[in-house]
There are 2 protein chains.
Amino acid sequence: MFSIGDLSRRTGVKVPTIRYYEQMGLVSAPERSEGNQRRYSRQELERLAFIRHARDLGFAVEDIRALIDLSFHPEQPCGHADKIAQEQLASVREKIARLRRLEAELERIATCCDGKTVGDCYVIRALSDHALCADEHV
Amino acid sequence: MFSIGDLSRRTGVKVPTIRYYEQMGLVSAPERSEGNQRRYSRQELERLAFIRHARDLGFAVEDIRALIDLSFHPEQPCGHADKIAQEQLASVREKIARLRRLEAELERIATCCDGKTVGDCYVIRALSDHALCADEHV
DNA sequence: CTTGAAGCTCTAGTGACTAGAGCAATTACA
DNA sequence: TGTAATTGCTCTAGTCACTAGAGCTTCAAG
């Protein structure tokens, strides 16, 4: 049996976060010691590792809940799991594209400031005047 | 004079968000009509456009507050504004790098699922077993 | 003059935690 | 066995940048 601290060290999920996951129903409430402390089995450790892994990959808690539900029904077609992963991939790609545009814009703004005072600072001017933007960033 | 709705349409900032910015002190409380409705000047429109632009570029509200303060002191050296922009650029680049790693991982996970049921779904297995990961993603 | 859109204030909710207070239980060591 | 340090417990509230909704008032058009 593992204490909540053991679980935390082994999975890298912080202690309050584990309790938060329990409250959200992502991990089930474990057994308790005589003194009311949480005691986890290996199964619960693995489940938390799964969650940690999925969170690292940017899955939303709701997605993770769906994936866990699916993993309890191994006989079901896996189209749903696949769809969740595909959607997550699409969303990550979108974020990357958006951030790339911001990067370009910021590079332009942050590198050509050669003014000495705020009055002729390119950063401030660029932010004041959207027309200075190379292209629309939404 | 513009109503809050005019301002919203012209800047693309939603009406409740404008009121929220006022509460946060990002935009100052404008004049009111006889019937207590907000009436904005062109200057306030421009300020909101500035904020919108900076938010689009991912600046935090605190950063924007600092940039606005700076823009009221055009005689100051602009090193601070430049620093804020540089930091924002660095943070955007970091996010891009991180998302790229996630993208690679998700591609691997989401494209090689050829199982029929959840039982042999690669998505689920990959999430369960961190060891399947090509490299560490933090 | 009426009707419907737009405005007002206020409170509470979002997601995914994080921080802190004030206790109780456990563990390590003497 | 004693005690001190660490870890655990519950509960509330805070974070960020909004967003939603209730219940009301004001404004502009026809």
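Letters go in sequence order (proteins before strands), and every chain restarts at 1.
- Looking at A:Ile68 and A:Ile51, their side chains come closer than 4.5 Å, going by heavy atoms from C-beta outward.
- Every residue two or more places apart in sequence or in another chain that forms a side-chain contact (heavy atoms from CB on, under 4.5 Å) with B:Arg42 is listed here: B:Phe2, B:Arg10, B:Leu45, B:Glu46.
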(request) Encode nucleotides 9-30 of chain D as B, S and - characters from 5' to 3', where the letter depends on protein heavy atoms closer than 4.0 Å: B to the base, S only to sugar-phosphate, - to neither. (result) SB------BBS------SS---
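- Computed from coordinates, the B:Leu7 CG to C:dG7 P distance equals 10 Å when rounded to whole Å.
- Every side-chain contact (heavy atoms from CB on, under 4.5 Å) that B:Lys83 has, sequence neighbours left out, goes to B:Glu87.
- Not counting sequence neighbours, the partners of A:Glu44 by the side-chain contact (heavy atoms from CB on, under 4.5 Å) test are A:Ser28, A:Pro30, A:Tyr40, A:Ser41.
- Here the C1' atom of nucleotide C:dA5 and the CG atom of B:Asp6 are 13 Å apart, to the nearest Å.
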Side chains of residues 57-67 of chain B: which donor-acceptor pairs under 3.5 Å do they make with residues two or more places apart or in other chains?
| unit_1 | atom_1 | unit_2 | atom_2 | d |
| --- | --- | --- | --- | --- |
| B:Glu62 | OE1 | B:Arg65 | NE | 3.4 |
| B:Glu62 | OE2 | B:Arg65 | NE | 3.2 |
| B:Glu62 | OE2 | B:Arg65 | NH2 | 2.9 |
| B:Arg65 | NH1 | B:Met24 | O | 2.6 |
| B:Arg65 | NH2 | B:Met24 | O | 3.4 |

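- Taking atom CD of residue A:Glu22 and atom P of nucleotide C:dA16, one finds them 18 Å apart after rounding to whole Å.
- Atom CD of A:Glu31 is separated from atom C1' of D:dG8 by 17 Å (rounded to the nearest Å).
- Between the C1' atom of C:dC8 and the CD1 atom of B:Ile18 lies a distance of 14 Å, rounded to the nearest Å.
- In terms of the side-chain contact (heavy atoms from CB on, under 4.5 Å) criterion, residue partners of B:Arg93 (sequence neighbours excluded) are, by chain and number, A:Glu103, A:Glu107, B:Leu89.
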